[in-house]
Amino acid sequence: VNLTVIKCKAAVAWEPGKPLTIQDVDVAPPKVHEVRIKIVATGVCHTDWEYLYESGKGMKSRPFPLVLGHEAAGIVESVGPEVTKFSPGDKVIPLFLPQCGECERCRSPKTNQCRKNWANMQLGVMADGTSRISYKNQQLYQFLGVSSFSQYTVVPDTSLTKIRCDAPLDKVCLLGCGVSTGYGAAVKTAKVEKDSSCAVFGLGAVGLAAVMGCQVAGAKRIIGVDINPDKFEKARVFGATECINPRDHEKAIQEVLVEKTGGGVDYALECVGSPVIMNAALESTAEAWGTCVIAGWTETETMNIMVEKILMGRTLKGTYFGGWKSVEDVPKLVDDYMNKKLKLDEFITHNLTLDQINVAFDLLKSGKSIRTVISL
């Protein structure tokens, strides 16, 4: 157990709507069942941007000041009392979705939604109600219990998974959120079948990962849908057989898709987080057996669905972290990447440093990046 406070750099969100500032912060030692990790690389996810710039709009408000970042990879620096599964030097991926292995949900094969420390992590604190990161003795809240826009952070031992020591951290960090979510939405939640037809709405990192999942599952037709045609070339790299820009059509996109496929796709994956697009995705599926999976993130918005659209045989499902049981499945996804079954490098369009974090947000918002990886 290392009881020293570590001084390091972190990007701090002082208030909603304002750019992040780089500060020297203090990271406290890990307490019981906690692990302190050195973050080596972190992806910049759209959810990070949303909590900063759309707090209270489609998102529940989180307490500020806040250290964002939740898609990362690093190395164990020290472990707190009663930690048995991790040792200093282990390569790890922190998890915003825990897996305690003991609760009713962890014991069920039907869900991955463990609730260990859940309420506290949503409030940005650890099990004891406080955070481990501070600036001049002022507590900084930890986003989703992770806070990877910091050179060091502390996470609960149930929100961390050990991965193989030869994995490149600047690539596998993407498995901490976006890629796992989209890929799992297709292969695990939708359970896309061989020779089926699929439509993926939104071709950011989550959508492209969903396209990849459809391809891995053997789908015959994979239609990418996005209003930014710059994303189409990338979508084809991941397996899209065709791409459609809704703005090129007079008709609603669901009508275009139903016509194109002679009755609708077998699977639609919504990777935007917009209720309007969720509806379009649902209505683009085949009436009698279509399945629509929502992977896009919004917390407070409402969907309005015509009952008949469901009544006649469609299925509407949600997915959180792609349905993966986080602690046990993420190392397997790392193995799949190492064994060339899963692409990661192709998602990374930019590599920046922590002091360029606001540039990364700008690239994301303007649609110029898929994933920026920040090296710390």
Side-chain angles (χ1 to χ4, degrees), residues 178-229 231-296 303 305-306 308-319 322-323 341-343 346-347:
V179 174
S180 298
T181 298
Y183 184 65
V187 301
K188 212 166 168 65
T189 307
K191 297 187 168 64
V192 169
E193 294 174 311
K194 193 176 181 314
D195 294 331
S196 62
S197 58
C198 303
V200 176
F201 291 75
L203 298 172
V206 175
L208 292 171
V211 167
M212 173 170 71
C214 293
Q215 187 191 43
V216 168
K220 181 167 67 208
R221 204 164 171 190
I222 305 166
I223 306 167
V225 181
D226 202 299
I227 56 173
N228 177 357
K231 305 266 162 109
F232 293 172
E233 194 186 337
K234 200 64 138 169
R236 289 193 179 89
V237 170
F238 285 103
T241 55
E242 60 210 277
C243 292
I244 301 179
N245 181 347
R247 289 181 176 166
D248 292 345
H249 298 270
E250 295 281 293
K251 287 184 180 156
I253 184 64
Q254 52 266 53
E255 291 177 43
V256 175
L257 286 163
V258 167
E259 252 174 48
K260 257 189 177 304
T261 54
V265 294
D266 301 309
Y267 301 96
L269 297 132
E270 198 277 351
C271 302
V272 179
S274 153
V276 173
I277 299 171
M278 292 169 190
N279 247 318
L282 178 69
E283 293 182 7
S284 71
T285 65
E287 180 175 69
W289 60 70
T291 294
C292 173
V293 172
I294 296 169
M303 268 184 90
I305 303 169
M306 242 169 82
E308 198 195 17
K309 299 291 178 194
I310 297 284
L311 193 66
M312 298 311 291
R314 292 185 183 87
T315 302
L316 178 63
K317 298 169 112 174
T319 189
K341 284 186 195 159
L342 194 73
K343 293 182 171 79
E346 291 81 353
F347 288 93

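All of these numbers come straight from a predicted model, not from anything done at the bench. We use all heavy atoms of the structure for the numbers below, so side chains are in, but hydrogens, waters and symmetry mates are not.
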Might you point out which heavy atoms bring [X] and [Y] nearest each other, and give the distance in Å?
X: Asp226; Y: Asn228; value: OD1-N, 2.8 Å
X: Ala240; Y: Val211; value: N-CG1, 3.4 Å
X: Val200; Y: Cys271; value: CG1-SG, 4.2 Å
X: Cys214; Y: Ala186; value: N-CB, 3.8 Å
X: Gly239; Y: Gln215; value: CA-NE2, 3.6 Å
X: Gly322; Y: Lys188; value: O-CB, 3.5 Å

task = Could you give me the CA-CA distance, side-chain angles and deciding distance for Arg314 and Leu282, then say whether side chain to side chain contact (heavy atoms under 4.5 Å, CB included) is met?
result = CA-CA 8 Å; Arg314 292 185 183 87; Leu282 178 69; 4.0 Å; yes
Would you say that [X] contacts [Y] through its side chain, given a criterion of any heavy-atom pair below 4.5 Å between the two side chains?
X: Arg236; Y: Cys243; result: yes
X: Val225; Y: Pro246; result: yes
X: Thr285; Y: Thr291; result: no
X: Leu257; Y: Phe201; result: yes
X: Met212; Y: Val179; result: yes

task = Applying side chain to side chain contact (heavy atoms under 4.5 Å, CB included), run through Val272 and Glu270 and close with a yes or a no.
result = CA-CA 6 Å; Val272 179; Glu270 198 277 351; 3.3 Å; yes
query = Between Leu316 and Cys292, does a side chain to side chain contact (heavy atoms under 4.5 Å, CB included) hold up when you go through it step by step?
reply = CA-CA 5 Å; Leu316 178 63; Cys292 173; 3.8 Å; yes
ask   = More than 12 non-hydrogen atoms from neighbouring residues, nucleotides or ligands closer than 6.0 Å to NZ on Lys220, yes or no?
value =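 Atom NZ in Lys220 is not crowded, with 12 or fewer foreign heavy atoms closer than 6.0 Å.
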key: Other residues, nucleotides, ligands: >12 heavy atoms within 6.0 Å of Met312 CE   =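 Open: at most 12 neighbouring heavy atoms sit under 6.0 Å from CE of Met312.
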To the nearest 0.5 angstrom, please state how far the [atom1] atom of [X] sits from the [atom2] atom of [Y].
X: Glu287; Y: Glu308; atom1: CD; atom2: CD; answer: 6.5 Å
X: His249; Y: Lys260; atom1: NE2; atom2: NZ; answer: 6.5 Å
X: Asn245; Y: Leu203; atom1: CG; atom2: CG; answer: 10.5 Å

request  = List for me each residue that meets side-chain contact (heavy atoms from CB on, under 4.5 Å) alongside Glu259, sequence neighbours excluded, and say none if there are none.
outcome  =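 If we apply the side-chain contact (heavy atoms from CB on, under 4.5 Å) test to Glu259, skipping adjacent residues, the hits are Lys251.
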message = Suppose we screen for side-chain contact (heavy atoms from CB on, under 4.5 Å). Which residues come up paired with Ala185, at least two apart in sequence or across chains?
response =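 Once residues adjacent in sequence are excluded, the partners of Ala185 under the side-chain contact (heavy atoms from CB on, under 4.5 Å) criterion are Leu269, Val293, Ala295, Thr319.
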key: Residue of the set Val258, Ile244, Ile227 for which side chain to side chain contact (heavy atoms under 4.5 Å, CB included) holds with Ile253   =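 Among the candidates, only Ile244 passes.
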inquiry  = The test is side chain to side chain contact (heavy atoms under 4.5 Å, CB included); show your working for Tyr267 and Ser196 and say whether it passes.
reply    = CA-CA 8 Å; Tyr267 301 96; Ser196 62; 3.6 Å; yes
request  = Identify whether the distance between the nearest side-chain nitrogen and carboxylate oxygen of Glu242 and Arg221 falls below 4.0 Å.
outcome  =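 The answer is yes: the pair qualifies as a salt bridge.
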query = Backbone N or O of Gly202 within a donor-acceptor pair of the Lys231 side chain at under 3.5 Å?
reply =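 A pair under 3.5 Å: no.
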Contacts of Asp266 that satisfy side-chain hydrogen bond (donor to acceptor under 3.5 Å, both in side chains) - sequence neighbours left out =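 Scan of Asp266 (side-chain hydrogen bond (donor to acceptor under 3.5 Å, both in side chains), adjacent residues dropped) gives Ser197, Trp289.
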